[in-house]
Amino acid sequence: MRTAYDIIISPVITEQSMEDLDIKKYAFRVAMDANKIEIKKAVEEIFGVTVIKVTTTHMRGKKRRQGRYPEGRGANWKKAVVKLSADSKNIEIFEGMA
């Protein structure tokens, strides 16, 4: 049995995700095999908020090079953007960032 902390790996801190804090959208790096229902339950359990909508996308690893010829890729990962209800409280992790 997976816990909520196995599903939500880390917050995603980018310029775009910081702009979306006004409309209560938060981005997280999540487990590759997690579905939207699991992500919603995990966010509600960890942060004590009400989630309206979850959108997910697979992020492809960036190309990396070391030396002259070898070329590889970074790891692929999954991102989830979570929209909270209007009467829900803000998530504290993102408070000092914006």
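Here, residue 1 is the first one in the sequence, and each next residue gets the next number.
Ile7 contributes atom CD1, which lies 9.5 Å from atom NZ of Lys41 (distance to the nearest 0.5 angstrom). One distance of note links CG of Asn90 with OH of Tyr26; it measures 4.0 Å at 0.5 Å rounding.
More than 12 non-hydrogen atoms from other residues, nucleotides or ligands lie less than 6.0 angstrom from NZ of Lys83. Heavy atoms from other residues, nucleotides or ligands lying under 6.0 Å from CD1 of Ile37 number 12 at most.
Connection of Val51 to Leu21 is established within a shared hydrophobic cluster, with ILVMFWY side chains joined at heavy-atom distances below 4.5 Å, either directly or through further cluster members. With hydrophobic clusters built from ILVMFWY side chains whose heavy atoms lie under 4.5 angstrom apart, Val82 shares a cluster with Val49. Residues Ile9 and Phe47 do not share a hydrophobic cluster, clusters being chains of Ile/Leu/Val/Met/Phe/Trp/Tyr side chains in contact below 4.5 Å. One hydrophobic cluster, built from ILVMFWY side chains closer than 4.5 Å, holds both Tyr5 and Val30. Taken together through direct or relayed side-chain contacts under 4.5 Å among Ile, Leu, Val, Met, Phe, Trp and Tyr, Ile8 and Ile13 form part of one hydrophobic cluster.
A salt bridge does not link Lys24 to Asp87: none of the charged side-chain nitrogens sits closer than 4.0 Å to a carboxylate oxygen.
Here the side chain of Arg68 pairs no donor or acceptor atom with the backbone of Pro70 at under 3.5 angstrom. Arg29 places no side-chain N or O within 3.5 Å of a backbone atom of Lys79 that could act as its donor or acceptor partner.
In this structure Arg60 satisfies the salt bridge (Lys or Arg N to Asp or Glu O under 4.0 Å) test with no other residue, sequence neighbours excluded. Remark: Lys63 pairs with Glu71 by the salt bridge (Lys or Arg N to Asp or Glu O under 4.0 Å) rule, at least two apart or across chains.
Taking both residues in full, the closest heavy atoms of Thr55 and Lys53 are given as CG2-CE, 3.9 Å, listed atom of the first, atom of the second, then distance.
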Using side-chain contact (heavy atoms from CB on, under 4.5 Å), reason through Thr56 and Lys78 one step at a time and then give a plain yes or no.
CA-CA 7 Å; Thr56 59; Lys78 189 173 188 178; 3.8 Å; yes

